[in-house]
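Reviewing the structure listed below.
Heavy-atom basis, side chains included; hydrogens, waters and symmetry copies ignored. Within every chain, numbering begins at 1; the chains are lettered A, B, ... in the order of the sequence lines, protein sequences first and strands thereafter.
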Amino acid sequence: MSISDRLRTTFETSTVLAARQIVGQLLVRIDEDGCRRSGRIVETEAYTQSDPSSHSYRGPGERNAQMFGTPGTAYVYLIYGVHHCLNITTAPAGTGEAVLIRALEPLDGLHAMMQARSVTDIEALCNGPGKLCQALGIDRTFNGTDLLDSKSPLRIEPERYHPPQRIDSTLRIGLSIPQREHLRFVDGKSRFLSRKRVPESAVTQVDRRR
DNA sequence: CGTTGGATTGGCT
DNA sequence: GCCAATCCAACGC
């Protein structure tokens with residue numbers, strides 16, 4: 001069994017475990033010019049089918065169909081009519097779950113990313129779900145791409161997995177429904193996260209538990 | 001068929 | 001901190 005097969009099995013088995021396992025993985029994009037852009041994933045969020053905040057909560061539709069597809073494929077959607085967001089599908093086909101990729105530590109193709117983003121600050125290149133899609137040139141044409149196929153123009157290279165020293169979990173970001181569980185996972189040592197601190201609501205949640 | 005609002009971002013007060 | 005940008009699926013009538 002290959003390393004990609006094992007990772008796909010993890011994706012299929014548990015969305016929350018997948019979200020943790022994806023932190024530290026290398027995301028690679030080979031663009032139209034054959035130029036390689038890549039970054040180490042440092043921030044993820046888990047979205048399960050039973051979660052009212054998930055696009056899949058009310059069952060499959062036109063936008064979210066890919067969430068119900070094969071684990072390890074890309075679910076890309078447009079938000080606010082402006083930005084794209086990249087997810088990795090998880091859970092068995094037929095179950096609508098996915099992991100949102102929220103930030104990367106930029107590695108290869110810095111110049112191309114800076115050009116795509118009109119930004120030179122490396123910390124500001126991929127520190128948000130919309131930003132990383134802009135930096136890597138990811139749009140809805142990648143919906144359904146198999147991210148665990150080594151020939152895909154957008155892929156994970158699991159042989160380059162660089163595990164974080166520490167994974168922290170917090171409440172997810174930007175949701176209108178109140179959150180209870182910590183389903184956002186970050187490399188606690190990374191300088192490339194979308195937020196510098198834990199969201200304030202997470203602190204409230206911890207205090208209320210006592 | 002019209003309305004609503006969103007897993008965001010960047011620019012301005 | 002506030003808000004516009006700009007698309008479109010979901011929902012209500």
Item to check | Short side-chain to backbone donor-acceptor contact, A:R37 and A:A135, under 3.5 Å | outcome: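 Yes; at least one donor-acceptor contact below 3.5 Å.
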Checklist entry - Can you find a heavy atom in the side chain of A:F68 that is under 4.5 Å from one in the side chain of A:S56? => result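 Yes, at least one pair of side-chain atoms sits under 4.5 Å.
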Item to check | Steps toward salt bridge (charged side-chain N to carboxylate O under 4.0 Å, His left out) verdict (A:R184, A:E181) | outcome: CA-CA 9 Å; A:R184 171 177 176 252; A:E181 291 184 87; over 6 Å; no
Round to the nearest Å and state the distance from [X] atom [atom1] to [N] atom [atom2].
X	N	atom1	atom2	result
A:D139	C:dC8	CG	P	12 Å
A:Q134	C:dA5	CD	C1'	14 Å
A:I101	B:dT8	CD1	P	14 Å
A:L125	B:dT9	CG	P	13 Å
A:H84	B:dT9	NE2	P	13 Å
A:Y57	C:dC11	OH	C1'	16 Å
A:I173	B:dG6	CD1	P	16 Å
A:L78	B:dT8	CG	P	13 Å

Rounded [atom1] spacing from [N] to [M] in Å:
N	M	atom1	answer
C:dC3	B:dG5	P	16 Å
B:dT4	C:dA4	P	16 Å
C:dC11	B:dA7	P	13 Å

Can you find a side chain N or O atom of [X] that sits less than 4.0 Å from OP1 or OP2 on [N]?
X	N	result
A:R102	B:dT8	yes
A:S176	B:dG6	yes
A:R184	B:dA7	no
A:R140	C:dC8	yes

Which of the following nucleotides, [options], is nearest to the side chain of [X]?
X	options	answer
A:R117	B:dG10, B:dT8, B:dA7	B:dG10
A:V82	B:dT9, C:dT6, B:dA7	C:dT6
A:K131	C:dA9, B:dT9, B:dT8	B:dT9

Scan [X] against the nucleic acid and name what it touches under 4.0 Å (heavy atoms): base, sugar-phosphate only, or nothing.
X	result
A:N64	nothing
A:I79	sugar-phosphate
A:S53	base

Checklist entry - So, A:R40 and A:D187, do they make that salt bridge, N to O below 4.0 Å? => result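 Yes, charged N to carboxylate O under 4.0 Å.
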Checklist entry - More than 12 heavy atoms of other residues, nucleotides or ligands under 6.0 Å from CD of A:E159: is that the case? => result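 Correct, the count exceeds 12.
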Item to check | Is_stacked (A:Y77, B:dA7) at 5.5 Å, 30 deg | outcome: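 It does not: the two rings, one from A:Y77 and one from B:dA7, miss the stacking criterion.
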Item to check | Pairing nucleotide - B:dT3, Watson-Crick or G-U, each distance under 3.5 Å | outcome: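 The base-pairing partner of B:dT3, which may sit in any strand shown, is C:dA10.
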Next on the checklist: Pick the closest DNA chain C nucleotide for A:R58 and for A:Y80 by heavy atoms, then say which residue is nearer the 5' end.
Outcome noted: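 In this pair, the answer is A:Y80.
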Item to check | Derivation and outcome, salt bridge (charged side-chain N to carboxylate O under 4.0 Å, His left out), residues A:R8 and A:D146 | outcome: CA-CA 10 Å; A:R8 199 190 303 275; A:D146 185 358; 3.1 Å; yes
